[in-house]
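Below is one structure; the comments refer to it alone.
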Amino acid sequence: MRERLGDTFDPIAVPDLPTPDPDLDRSVAELRRLREAIAGLAHSEVELGDIADRLAEAADLLEPRVPEPARRLEAMWTGAGSRRANPVGGPENPIAPPVRFFGCDDGSVTAEVTLGLAYQGPPGCVHGGISALIIDHMMGFANHWGGRYGMTAHYEIDYRSPTPLLRPLTFRSWVDEVDGRKTWTKATIHAGDRLCVEARGLFLEASVAVPGHPDRRSTVGDGA
Ligand SMILES: CCCCCCCCCCCCCCCC(=O)SCCNC(=O)CCNC(=O)[C@H](O)C(C)(C)COP(=O)(O)OP(=O)(O)OC[C@H]1O[C@@H](n2cnc3c(N)ncnc32)[C@H](O)[C@@H]1OP(=O)(O)O
């Protein structure tokens, strides 16, 4: 297996790719720890008043320093910057579940993920929308790995058996078929040998305007 996707993968020259800011990455990592801790503490006997005060203190400190969202959007779409900010594994995105993708020699992309309480749907199981989020993004990576790109036009998902929380899950995705602008991509989630979810998506080559740069367009997949 080649480790070429996720935060170590840089297949195209992007001279202005922002360098990671260690303090930002560390802040996000701490927020993720807090997210899991809070999800686990809810309705427990633990007294949270003091913690809520301290979190409010941190938020009060941060909020006045936040630049306009338009500026952040512009910077995010500079080079492949949004790759660090995406909602699936982006090290700069506190809501992102902890996913890292790996490209395989057979053309597929894989990830091992254990999802915590914050991602619960049915009791003890992963929320179906979270599975769909990760799969959609992962199909984008599989397209990229297969030399394709595009926006999701359509996808269908079958939940074959419950997807457990707090247990390692194996995600896999690969390009199934291509025809002109169209790419059909498949994905699965397994818990051990058990198939939990399978999906098939249609991606269409397309481009969208880059925020703050009216003259530039991005093909989704070059920086997402
Ligand atoms: C440094 C490097 C980093 C590397 C690291 C890269 C990692 C890379 C990871 C990226 C991961 C991102 C993954 C997130 C992916 C999203 O989240 S994308 C966001 C969600 N999707 C959208 O917002 C798309 C919104 N929709 C649209 O903009 C437009 O509908 C589309 C998709 C651009 C298509 O519009 P269009 O080009 O006008 O298409 P149109 O001409 O109508 O149809 C073309 C053909 O497709 C068919 N078609 C169109 N829509 C459909 C449909 N829904 N169902 C079936 N057929 C359809 C048509 O029937 C037609 O078929 P033919 O007649 O040619 O046979």
Side-chain angles (χ1 to χ4, degrees), residues 1-21 25 73-93 95-113 119 127-158 171-189 197-211 213-214 216-224:
M1 185 187 294
R2 295 171 294 186
E3 186 175 320
R4 285 188 52 198
L5 295 183
D7 56 6
T8 61
F9 183 49
D10 197 357
I12 46 174
V14 189
D16 47 0
L17 181 70
T19 39
D21 172 348
D25 286 12
L73 264 179
E74 211 171 303
M76 195 185 281
W77 285 101
T78 301
S82 74
R83 191 154 47 100
R84 292 185 47 75
N86 75 69
V88 182
E92 294 178 3
N93 190 325
I95 72 154
V99 187
R100 287 188 70 208
F101 298 108
F102 296 87
C104 305
D105 292 330
D106 65 2
S108 68
V109 167
T110 184
E112 292 280 331
V113 188
Y119 302 108
H127 193 292
I130 297 294
S131 298
L133 166 71
I134 299 175
I135 279 181
D136 185 23
H137 197 77
M138 187 170 193
M139 290 197 288
F141 262 107
N143 293 344
H144 190 85
W145 188 241
R148 306 286 297 180
Y149 60 91
M151 294 180 86
T152 320
H154 170 86
Y155 73 101
E156 50 205 37
I157 188 158
D158 291 301
F171 287 69
R172 205 174 143 250
S173 181
W174 63 98
V175 171
D176 185 43
E177 209 183 317
V178 299
D179 177 16
R181 289 174 59 206
K182 297 178 184 175
T183 304
W184 284 270
T185 307
K186 286 188 170 174
T188 53
I189 306 177
V197 181
E198 55 187 343
R200 186 170 192 255
L202 167 62
F203 293 79
L204 279 170
E205 280 178 17
S207 64
V208 282
V210 173
H213 300 276
R216 278 176 40 202
R217 298 187 67 80
S218 166
T219 56
V220 179
D222 57 359

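Because the structure is a prediction, the values reported are computed rather than measured. Counting starts at 1 for both ligands and their atoms, in listed order.
- For ligand 1, the polar-atom distance check against Ala153 finds a nitrogen or oxygen pair separated by under 3.5 Å.
- Those atoms of ligand 1 with a heavy atom of Met151 less than 4.0 angstrom away are 22 (C), 23 (O), 24 (C).
- Heavy-atom proximity to His144, at under 4.0 Å, picks out these atoms of ligand 1: 4 (C), 6 (C).
- Considering only non-hydrogen atoms, atom 14 (C) of ligand 1 lies nearest to Asp136 out of Asp136, Leu204, Leu202.
- Contacts with ligand 1 closer than 4.0 Å are made by side-chain heavy atoms of Arg181 only, the backbone lying farther away.
- Checking only distances, Thr152 does come within under 3.5 Å of ligand 1, N or O to N or O.
- Proximity of Glu177 to Lys182: side-chain heavy atoms (C-beta onward) are nowhere separated by under 4.5 Å.
- With sequence neighbours left out, Ser131 forms a side chain to side chain donor-acceptor pair (under 3.5 Å) with no residue at all.
- Taking CG of Asn86 as the reference point, atom CD of Glu92 lies at 10.0 Å (rounded to 0.5 Å).
- Every residue two or more places apart in sequence or in another chain was checked for a salt bridge (Lys or Arg N to Asp or Glu O under 4.0 Å) with Glu112, and none qualifies.
- Looking at Trp145, its side chain never comes within 3.5 Å of a backbone N or O of Trp174 through a donor-acceptor pair.
- Considering Ala206, Gly140, Gly180 only, the shortest heavy-atom separation from atom 33 (C) of ligand 1 involves Ala206.
- A donor-acceptor contact closer than 3.5 angstrom is absent between the side chains of Thr183 and Asn143.
- At least one heavy atom of Lys182 sits under 4.0 Å from some atom of ligand 1.
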